[in-house]
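What you see is a predicted model, and the numbers here were worked out from it, not measured in a lab. Throughout, a chain's letter reflects where its sequence line sits, starting with A, and its residues are numbered from 1.
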Number of protein chains: 2
Amino acid sequence: MRVLDIGEVAERSGVVPSTLRYYEEIGLIASLGRRGLRRQFDGDVLLKLSLIAMGKAAGFSLEEIAGMFGRDGRPEIPRDQLRVRADELQRQMVELRTLRDVLRHVADCPAPSHLECPTFRKLMQAASRERLVYRPSRKSPRTR
Amino acid sequence: MRVLDIGEVAERSGVVPSTLRYYEEIGLIASLGRRGLRRQFDGDVLLKLSLIAMGKAAGFSLEEIAGMFGRDGRPEIPRDQLRVRADELQRQMVELRTLRDVLRHVADCPAPSHLECPTFRKLMQAASRERLVYRPSRKSPRTR
DNA sequence: GTACGAATTCAAGTCGACTTGAGGTCAAGC
DNA sequence: GCTTGACCTCAAGTCGACTTGAATTCGTAC
């Protein structure tokens, strides 16, 4: 693959240079070297950045994501860890669905106070049963 | 409803006192007053805390959540904002599904390098098309 | 009446993931 | 050969959501 300098990588990936530098600093990506001052990257970095973005979307921290690449920079993820995470995503989806339903109900329910609406209360209870609430939290990205 | 002091609220809600104080400080919840030093809360606060937790799970910031309650402390959420958010959750679910599939594939694929596996590449492209990657990010909670 | 434990205040610290800013350097185009 | 503009470094700042710590104040039980 082609060699790209940081500006090109930034443009093609949508990841700004400061972030690319930061990623390099923490060892998440590696540059081939410099041309003058400019960092040069292997074209592969674009796919790697996609993986990183996906990992973030999946709720992995950068540190965890870094742990998923072997020394050669290729993905090297413990398979069962992946399955565990996939299952977590599955559960997360279920939660989101419940939540979506709650929001939709609240948007449509004509009851003066939701606190008195039985449907609302039922959904809330469902949410609690699923332990949607009162969970230790952790970060993951979202859309704006 | 009963009057609870902060310790009870903490115990029954799972939200620690320091967080309750913080929530009061930023105006997210209100105490009835004090008994000695101790904050007293209306029992309703428990449901409110559930709503707050749900809101967080939905990716609302505390500020946004605060905006969802009227002066009387009752939920008072702009309905179309709710629908917008529900739709966002919907999209988020689709992303999570794709991501889950990618993870499962990676876990099962025997190819030496995923970068060379056509299925992997296809899934990645699907993810990109869904704009799973390269999105401005924002916080939301996750399970540990 | 005093000791205890739980709650209080307030300022400061933490965490992850970046961004910002000041001041410096270099390759390419004119 | 000089300007330009994109890049560089390094330290410090930011953001949201809390937590921590030190010093203090109560109500309750003995």
Using whole Å, report how far [atom1] of [X] lies from [atom2] of [N].
| X | N | atom1 | atom2 | value |
| --- | --- | --- | --- | --- |
| A/Glu64 | C/dA17 | CD | C1' | 14 Å |
| B/Glu8 | C/dG5 | CD | P | 20 Å |
| B/Phe41 | C/dA7 | CZ | P | 11 Å |
| B/Leu20 | C/dA6 | CG | P | 16 Å |
| B/Ile6 | C/dA7 | CD1 | P | 7 Å |
| B/Leu4 | C/dA7 | CG | P | 13 Å |
| B/Glu11 | C/dA7 | CD | P | 10 Å |
| A/Asp5 | D/dC8 | CG | C1' | 13 Å |

(message) Going by side chain to side chain donor-acceptor pair (under 3.5 Å), name the residues that satisfy it together with A/Ser31, two or more places apart in sequence or in a different chain.
(response) A/Glu24
(message) So B/Ile26, base contact, sugar-phosphate only, or nothing? Heavy-atom distance under 4.0 Å.
(response)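 Since no nucleic acid heavy atom lies under 4.0 Å of B/Ile26, the category is nothing.
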Does [X] have a side-chain nitrogen or oxygen under 4.0 Å from the phosphate oxygens OP1 or OP2 of [N]?
| X | N | answer |
| --- | --- | --- |
| A/Arg39 | D/dA6 | no |
| A/Thr19 | C/dA17 | no |
| A/Tyr23 | C/dA17 | no |

(message) Can you tell me which residue among A/Leu47, A/Leu51, A/Ile52 is in a side-chain contact (heavy atoms from CB on, under 4.5 Å) with A/Leu49?
(response)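 Among the candidates, only A/Ile52 passes.
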(message) Among B/Arg34, B/Arg35, B/Arg39, exactly one meets salt bridge (charged side-chain N to carboxylate O under 4.0 Å, His left out) together with B/Asp5. Which residue is that?
(response) B/Arg35
(message) Let's see if you can work this out: which of D/dT19, D/dC18, C/dC18 has an atom nearest to the side-chain heavy atoms of A/Tyr22?
(response)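 Side chain of A/Tyr22 sits closest to C/dC18.
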(message) What's the closest nucleotide to the side chain of B/Arg34 if the choices are C/dT8, D/dC7, D/dA17?
(response)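 Taking heavy atoms from C-beta onward, the closest nucleotide is C/dT8.
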If you define the side chain from C-beta out and look only at heavy atoms, does anything of [X] sit under 4.5 Å from [Y]?
| X | Y | result |
| --- | --- | --- |
| A/Val84 | A/Asp87 | no |
| A/Lys122 | A/Val102 | no |
| A/Met54 | B/Leu103 | no |
| A/Leu89 | B/Arg97 | no |

Please tabulate the protein-to-nucleotide N/O contacts below 3.5 Å involving nucleotides 20-29 of chain D, giving atom names and distances.
none

